[in-house]
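Within every chain, numbering begins at 1; the chains are lettered A, B, ... in the order of the sequence lines, protein sequences first and strands thereafter.
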Number of protein chains: 2
Amino acid sequence: IAKEVAKLLEMKAQLGEDEGKHKFVLKTPKGTRDYGPKQMAIRERAFNAIISCFKRHGAEVIDTPVFELKETLTGKYGEDSKLIYDLKDQGGELLSLRYDLTVPFARYLAMNKITNIKRYHIAKVYRRDNPAMTRGRYREFYQCDFDIAGQFDPMIPDAECLKIVHEILSDLQLGDFIIKVNDRRILDGMFAVCGVPDSKFRTICSSVDKLDKVPWEEVRSEMVGEKGLSPEAADRIGEYVQLHGGLDLVERLLQDPKLSQNKLAKEGLGDMKLLFEYLTLFGITEKISFDLSLARGLDYYTGVIFEAVLLHQENEHVEEAVSVGSVAGGGRYDGLVGMFDPKGRKVPCVGVSIGIERIFSILEQRLEASEEKIRTTETQVLVASAQKKLLEERLKLISELWDGGIKAEMLYKKNPKLLNQLQYCEDTGIPLVAIVGEQELKDGVVKLRIVATREEINVRRESLVEEIRIRTSQC
Amino acid sequence: IAKEVAKLLEMKAQLGEDEGKHKFVLKTPKGTRDYGPKQMAIRERAFNAIISCFKRHGAEVIDTPVFELKETLTGKYGEDSKLIYDLKDQGGELLSLRYDLTVPFARYLAMNKITNIKRYHIAKVYRRDNPAMTRGRYREFYQCDFDIAGQFDPMIPDAECLKIVHEILSDLQLGDFIIKVNDRRILDGMFAVCGVPDSKFRTICSSVDKLDKVPWEEVRSEMVGEKGLSPEAADRIGEYVQLHGGLDLVERLLQDPKLSQNKLAKEGLGDMKLLFEYLTLFGITEKISFDLSLARGLDYYTGVIFEAVLLHQENEHVEEAVSVGSVAGGGRYDGLVGMFDPKGRKVPCVGVSIGIERIFSILEQRLEASEEKIRTTETQVLVASAQKKLLEERLKLISELWDGGIKAEMLYKKNPKLLNQLQYCEDTGIPLVAIVGEQELKDGVVKLRIVATREEINVRRESLVEEIRIRTSQC
């Protein structure tokens, strides 16, 4: 119903537009937002934490175009493909906006015949999804991806990806979180032993993927009603997908009479055991939950998959903690690069994507709730004058400061009042004022005022740059 | 002809695609490129120089969506509008990719009722132009914009924009450059006194804008032939547009019997004089050329306009120096915000845009020509082992280092050879190796090897983080 109402409202809006052509709507496109200086300052903090972590793990950085050939994206996203933004055919190639950074990465590897790289990529991606902006769900949003491509010994890079998620979420202090892990091979093995026909694996996997948002009963009726699965098979799946735990669960399932007979599931469970071993060495198993309901909708995953969710902090009982949404996810995709290579050569890959928008939402709300005043510039000094007719002198002085590498501002007025100049420093957090006056010019000095203490000292003009540098490195 | 051939080739390519559906072309869209780790390292250098400068001048930073409502861009770019990328109509709003950062900035100001801001914005913009990638002309490219919005005393912010261009181009050491300046009011006044009808101002201005690429004769025949201007008017324009100089030219034109009678031209020339005064205080007039042929095609400029071009360095005679293309441009646009405001309230703005792609091209070519080896990671230490079966110990040690904030890597192999591990350091420039072995584990130490000198020392495990920090802050 909500969808239908939204559609009707949109149609109404469009009709409204046609009606009065001059009623120009002053807004950003649906599902997008501007970032003002304050939001940018918050964004920078989050990016810095993430980039530091990626660099700590030795990653290089790459960038790709915001759009790709339409066919590059075709057949990579399963049922989500309908959410891809296409560009209008204006002659020439057919293009689409990128839907994630993983497919462009695979295209990049195949195109440049790279078989071995550890890289990060931070950029915007586009999905024609239903936005829920207060919860940080947008149509244009940043992804921060870290991926390791190459043929290596099993689960070592996979474990590093989980370590990275753990480091970033801990560093950003977003509250308690849990990282769910599963494996596509375990899922596929489970589907097989539950009696799902091969041809239905992907679509049933998409249904399971909804379990974090809708209850099992709804997912079950989708499987049986829409997707034609037998009720018995659905019920068998229902028993598995409620399981979650740690290494103990892995061991138990390795003994499961049905699963242990399935080659794929056995491989997946063996690797899961190895993964837990490595995560124990990293000391992070406390936050890891092996969860058979985790599916991840995208078609391209072939091995380990994972997703980090924040837990409600208000709730005292951890048992009943409600997830406020996924903030990171990823997995292994060993076949994707091969889909692009003319000879089908595979490059095994595993990677993680940090969903920064929800993290922004949380940091933004937190900052608004706090009294912290965030500076949006780094200006060290305001060049001011106490008397009139000193514009030329201010211009000369500020030019000297800029050339000396000092971050300096002045008011763009011929004869600003000293009070207004000091007020500007208070408002924007500028710590110093360099004041020129007739007497100072005669004496070859500049009066330097420390805004916080109102102290004023005369500084010889030739030492001013050095003096400002010293004073602002202290504060 | 070149255009027609390109069209035919494109048609042929499309036919080819339809013919064999499986002939997937592995490429980025026309006019776009990937940035690999090396290019990114160069890009970062250039961005850092530019961002430092913008921050030195006290700018805040904002970001806007990559697409805007189509109507937001309508009527802002004159004849260039045909180069805008539209998105496909998939239901909902009609969208276009941003063509520059100036129009989104004006939309942002009007939408948030901001009347006073100094901001920078670094982001990609999109133009369906004919790409010339070797010369750094792309369909997707970065712009680095700095703008000052607000009602201020004349020419102070305008002069700061020119100072910024001068600082950035000097800092990047791109060779000799010149910044051409003109004023839309001088151009319009000139058109008026030359006998151009009011209705033809904009289109004739577009023709003049081509003078940096094509000779006067061609521009003249476009004016007379295509645009229906009288030959006499064209010839009168021809006389003015060959003028360029400094303050002396401004003074001369203020005495020009025709121009001095025109109100607009007089205003523009008066402000130009003031601008030169301020630029003298900034000490940068040497690189400034008042040039009556500078037009800038965009519709929205209302006052000062400017463009920086690099001069050929090989050429000994500065007089005959050939411009290798514009690397920065901008101007005053006092009416643009008012076009978005429901009540038409104006916010005067002036700004500059740095065309970073051409700068990249130059830096890239220069780096390739030099022998300089550029590092693409910041890894401080490789965690290695000399013996087999030490994967677990390496994982434990690297985890300690990561948690201590050290940038560390290891090879993703169970039993890597020491030689391969050392080779990896050589290849990627990692300065240190932390080697774990049976003996070291017993003694509670780690062997730290300095790659450059091959020196090896034993470091107590609990001091390792500190030791690495000290050693890598030195180099």
Side-chain angles (χ1 to χ4, degrees), chain A residues 10 24-30 32 34-37 40 55-56 58-69 71 85-88 90 92-93 95 107-108 110-111 119 124 128 140 152-153 156-157 163 167 278 281-283 340 376-379 392 395-396 399 402 407 409 412-414, chain B residues 10 24-30 32 34-37 40 55-56 58-69 71 85-88 90 92-93 95 107-108 110-111 119 124 128 140 152-153 156-157 167 278 281-283 340 342 376-379 392 395-396 399 402 407 409 412-414:
Chain A
E10 212 160 82
F24 171 73
V25 189
L26 194 60
K27 66 187 282 293
T28 63
K30 187 180 173 191
T32 68
D34 294 319
Y35 281 83
M40 287 299 278
K55 286 190 173 173
R56 199 156 56 233
E60 304 181 281
V61 59
I62 71 159
D63 193 20
T64 65
V66 82
F67 43 62
E68 295 277 345
L69 298 184
E71 52 179 347
Y85 276 98
D86 291 330
L87 268 74
K88 191 168 154 185
Q90 295 170 292
E93 301 160 335
L95 307 173
R107 192 265 308 146
Y108 171 79
M111 192 172 133
R119 80 89 182 80
K124 288 173 175 177
R128 295 179 52 256
E140 173 188 60
F152 302 116
D153 281 323
I156 311 178
K163 174 80 169 101
E167 282 180 25
Y278 296 158
L281 293 165
F282 287 160
F340 289 110
T376 54
T377 70
E378 298 176 10
T379 308
E392 283 75 11
L395 287 170
K396 249 165 85 175
S399 184
W402 287 331
K407 296 173 189 128
E409 287 184 69
Y412 301 121
K413 277 186 160 297
K414 265 186 168 165
Chain B
E10 212 161 80
F24 171 74
V25 189
L26 195 59
K27 67 186 280 295
T28 62
K30 186 179 174 192
T32 68
D34 293 320
Y35 281 84
M40 286 299 278
K55 286 189 174 175
R56 198 156 57 234
E60 305 181 279
V61 58
I62 71 159
D63 194 19
T64 65
V66 82
F67 43 62
E68 295 278 346
L69 298 184
E71 52 179 346
Y85 276 98
D86 291 328
L87 269 75
K88 191 170 154 184
Q90 294 171 293
E93 300 161 336
L95 307 173
R107 192 265 307 145
Y108 171 79
M111 190 172 136
R119 80 89 181 81
K124 289 173 173 175
R128 294 179 53 255
E140 173 188 61
F152 303 115
D153 280 324
I156 312 177
E167 283 179 26
Y278 296 158
L281 293 166
F282 288 159
F340 289 110
T376 54
T377 69
E378 298 175 11
T379 308
E392 282 76 12
L395 287 171
K396 249 165 86 174
S399 185
W402 286 332
K407 296 176 189 125
E409 286 185 70
Y412 301 121
K413 277 187 161 295
K414 263 184 168 167

The interface call for A:Lys55 against chain B, heavy-atom contacts under 4.5 Å, is both
Between B:Pro157, B:Pro65, B:Ala110, B:Ser399, who has the most heavy-atom pairs with chain A when the cutoff is under 4.5 Å? B:Pro65
Region of A:Glu392 that comes under 4.5 Å of a non-hydrogen atom in chain B: both
If we ignore hydrogens and angles and just use 3.5 Å, is the side chain of B:Arg128 paired with the main-chain N or O of A:Gln90 as donor and acceptor? yes
With a 4.5 angstrom heavy-atom cut-off, which part of A:Leu395 approaches chain B: side chain, backbone, both or neither? both
B:Asp86, B:Leu95, B:Thr64: which one forms the most heavy-atom pairs within less than 4.5 Å of chain A? B:Asp86
One option among B:Leu26, B:Thr377, B:Thr379 has the most heavy-atom pairs under 4.5 Å with chain A, and it is B:Leu26
Under a 4.5 Å heavy-atom cutoff, which of B:Tyr108, B:Phe67, B:Phe340 has the most pairs with chain A? B:Phe67
Find the distance between CD (A:Glu93) and OG1 (B:Thr32) and round it off to the nearest 0.5 Å. 8.0 Å
Could you give the distance from CD (B:Glu378) to CD (A:Glu60), rounded to the nearest 0.5 Å? 11.5 Å
Which answer fits A:Lys30, side chain, backbone, both or neither, if we ask what part of it has an atom under 4.5 Å from a heavy atom of chain B? both
If you round to the nearest 0.5 Å, how far is CD of A:Glu167 from CZ of A:Phe282? 9.0 Å
Between the main-chain N or O of B:Val66 and the side-chain N or O of A:Glu140, is there a donor-acceptor pair closer than 3.5 Å? yes
Pairwise distance OG1(A:Thr376) to CZ(B:Arg119) - rounded to 0.5 angstrom: 13.5 Å
